[in-house]
Number of protein chains: 2
Amino acid sequence: MARPREFDEDIALEQVMDLLWTRGYEATSVDDLCAATGLSRSSLYATFGGKRNLLLRSVDRYVERRTPSIAAILARPVPVREAFAALLAEFIDQIVAGSGRRGCFLGNCAAELPRGDRAALAHVRQGLGRTEAVFREALVQAKARGELQPKADTDALARFLTAGIQGLRLVGKVNPDRGTLEDIVATMLRCLD
Amino acid sequence: MARPREFDEDIALEQVMDLLWTRGYEATSVDDLCAATGLSRSSLYATFGGKRNLLLRSVDRYVERRTPSIAAILARPVPVREAFAALLAEFIDQIVAGSGRRGCFLGNCAAELPRGDRAALAHVRQGLGRTEAVFREALVQAKARGELQPKADTDALARFLTAGIQGLRLVGKVNPDRGTLEDIVATMLRCLD
DNA sequence: GCTATTCTGGACTATATAGTCCAATACTCC
DNA sequence: GGAGTATTGGACTATATAGTCCAGAATAGC
C-alpha cells in the first residue's frame with residue numbers, strides 16, 4: 001500500500017458511462033472524460049486503460065444498474081400485463097420529460113458500434129440478453145399463474161418485448177410525442193392478451 | 001457553362017451515404033469520404049458544402065431510396081399480413097446474410113445524433129414518418145378490404161410497426177440469429193390478427 | 001484559337017486527438 | 001520519521017481532423 005486514490009472508481013465509471021451515453025462513443029474525447037470525472041489522464045489510463053476499455057466497462061455497468069431496476073418493476077404483485085404497462089409507461093414518461101431523450105445506452109452502442117467490433121458487440125448482446133432473461137422469467141411465472149394463454153411462447157414474447165422497447169426508445173429519441181409512443185406501447189402490449 | 005464536372009453528383013452522394021451508413025457519422029472522416037467517392041476535397045466541399053451537409057443529404061437520399069422499395073412490397077396483391085410478413089422476412093434475410101448487419105441508416109442516425117441537433121433529427125423524423133405513412137396507407141386499404149378487425153387502429157398499427165422494425169434491425173445488429181429474429185417478427189405480426 | 005468560367009489537385013492551417021511518460025506527491029507500514 | 005510505493009498533474013508526441021485556398025486544368029461559346 002502507498003498513496004491512496006483520491007477518487008472513487010465506481011463514481012468515476014458512473015460519470016464516464018453517463019457521458020458516453022449522452023454523447024456517444026466517437027463524439028466523446030478522452031479530455032471530455034477527464035473533465036467529467038475530474039481525473040487526470042494518468043489516473044484515467046492507469047485505472048481503466050483507455051477509452052475503449054471505458055466503453056466496455058460502461059456497458060457492463062449500465063447493465064448492472066438497469067437490470068435490477070427493471071426486475072423490480074416486473075416483480076410487483078400485479079398481473080404481468082400491468083407490470084409491463086408500468087415499465088413502458090415509465091419509459092414514455094422519461095422520454096417526454098427529456099431525461100429519456102438520449103435513448104437506451106445499449107441501443108445507442110448497438111447502432112454506433114462497427115459491425116466488426118465483436119468484443120464490444122458481445123457486451124451489448126449480453127446486456128440485451130440480461131433484459132430478455134428478466135422478461136422471460138416474469139412471463140414464465142405469469143404463465144404459471146394462468147395469466148397468459150396456455151400456448152403462449154414465453155421465449156418469443158420476451159424477445160419481442162426486448163426488441164420492442166429498443167424500437168420505442170429509438171423512436172422516442174427522434175419523435176418524443178406522447179401520443180405516438182402510447183400508440184406503440186398499446187399495440188405492443190396486446191401480445192400479452 | 002465552362003468546365004463540366006468529372007463526376008456524377010448522384011453517384012457520389014450514394015457512395016457517401018453508403019459509407020456513413022456503414023461506419024457512422026463521427027467515425028467517418030472527410031478523407032474517407034473523398035476516398036470513397038474519388039472526389040478531391042475541393043469538389044466535395046464545392047458540391048456538398050461539408051460533412052454535416054453530406055449527412056443531411058444522405059439521410060434524405062436514404063429515405064427516397066427506401067420508401068418506394070417498401071411501398072412496392074406492400075403493394076403486392078396479397079393480404080396485408082402476408083405483405084408485412086414478406087417485408088420483415090426480407091429484413092431478417094439481409095441481417096442473417098450480413099448485408100443487413102449495419103442496421104437501418106435512420107436508426108443509426110437517431111441513435112448517434114446528439115439530442116440537440118434538431119435539424120438532423122428532423123430529417124430522420126421525417127424519414128421515419130414517410131415509412132409510417134406507407135404502412136398506414138397499406139393498412140387503411142386492407143381495412144377497407146375487410147382484412148383487419150373493424151376496430152383496428154391503423155394509425156397505431158403503423159406507428160407500432162415502424163418502431164418494431166427499428167427494434168428488429170437494432171437487435172439484429174447485435175444478435176443476428178434467425179431464430180431470435182423470427183420470434184420477434186412472429187409476435188409482431190400478431191397485431192394484425 | 002481565344003476568353004471567360006467552372007472545376008480539380010493538393011498544399012496548407014489551426015486545432016483536436018489518443019496515448020505515453022516522468023518528476024513530484026502523499027500516503028502506509030515499519 | 002524514514003523508506004518504499006502507488007498516485008497524480010501535466011507536459012509531450014505523433015497523428016488525424018475539418019475546412020480553406022489558389023494555381024493550374026479543362027471546357028463551352030464565340
Q: Assign a letter to each nucleotide of nucleotides 16-25 of chain C from its 5' end: B, base within under 4.0 Å of a protein heavy atom; S, sugar-phosphate only; -, no contact.
A: -SBBBB---B

Q | Results of side-chain hydrogen bond (donor to acceptor under 3.5 Å, both in side chains) for Arg190(B) - residues two or more places apart only | A | none

**Q.** side-chain hydrogen bond (donor to acceptor under 3.5 Å, both in side chains) contacts touching residues 33-42 of chain B (sequence neighbours left out)
**A.** Asp31(B)-Arg41(B), Ser40(B)-Ser43(B)

**Q.** Whole-Å gap separating P (dC7(C)) and CZ (Phe7(B))
**A.** 8 Å

(Q) Less than 4.5 Å apart, side chain to side chain, heavy atoms only: is that true for Val16(B) and Ser58(B)? (A) yes

Q: Note down the inter-axis angle between the two ends of the helix from dG1(C)-dC30(D) to dC30(C)-dG1(D), five pairs each, to the nearest 10°.
A: 20°

Q) Should Ser43(A) be listed as having a side-chain N or O under 4.0 Å from OP1 or OP2 of dT7(D)? A) no

Q: Specify the separation, in whole Å, of atom CD of Glu6(B) and atom P of dT8(C).
A: 5 Å

Mind listing the side-chain donor-acceptor pairs of residues 121-129 of chain A below 3.5 Å, one per line with the distance, residues two or more places apart or on another chain?
from	atom 1	to	atom 2	distance (Å)
His123(A)	ND1	Asp60(A)	OD1	2.8
His123(A)	ND1	Asp60(A)	OD2	3.2
Arg125(A)	NH1	Val174(B)	O	2.6

Q | Any residue meeting salt bridge (Lys or Arg N to Asp or Glu O under 4.0 Å) with Asp193(A), in chain and number order, not counting sequence neighbours | A | Arg81(A)

**Q.** Nearest-angstrom distance from the residue atom CG of Leu44(A) to P of dT8(D)
**A.** 11 Å

(Q) Quick test of your reading: applying side-chain hydrogen bond (donor to acceptor under 3.5 Å, both in side chains), list the pairs with at least one residue in residues 65-76 of chain A, sequence neighbours left out, ordered by first then second residue. (A) Glu14(A)-Arg65(A), Arg66(A)-Thr131(A)

**Q.** Rounded distance in Å - CG (Leu39(B)) to C1' (dG10(C))
**A.** 14 Å

Q. Sequence neighbours excluded, which residues qualify as side-chain hydrogen bond (donor to acceptor under 3.5 Å, both in side chains) partners of Thr22(A)?
A. Arg102(A)

Pair up each side-chain donor or acceptor in residues 86-99 of chain A with any protein partner under 3.5 Å, not counting sequence neighbours, and list the distances.
from	atom 1	to	atom 2	distance (Å)
Asp93(A)	OD1	Arg178(A)	NH1	3.3
Asp93(A)	OD1	Arg178(A)	NH2	3.0

Q | Separation of dC7(C) C1' from Glu9(B) CD (nearest whole Å) | A | 13 Å

**Q.** Shortest side-chain distance from Ser40(B), nucleotide among dG9(D), dG10(C), dC7(C)
**A.** dG10(C)

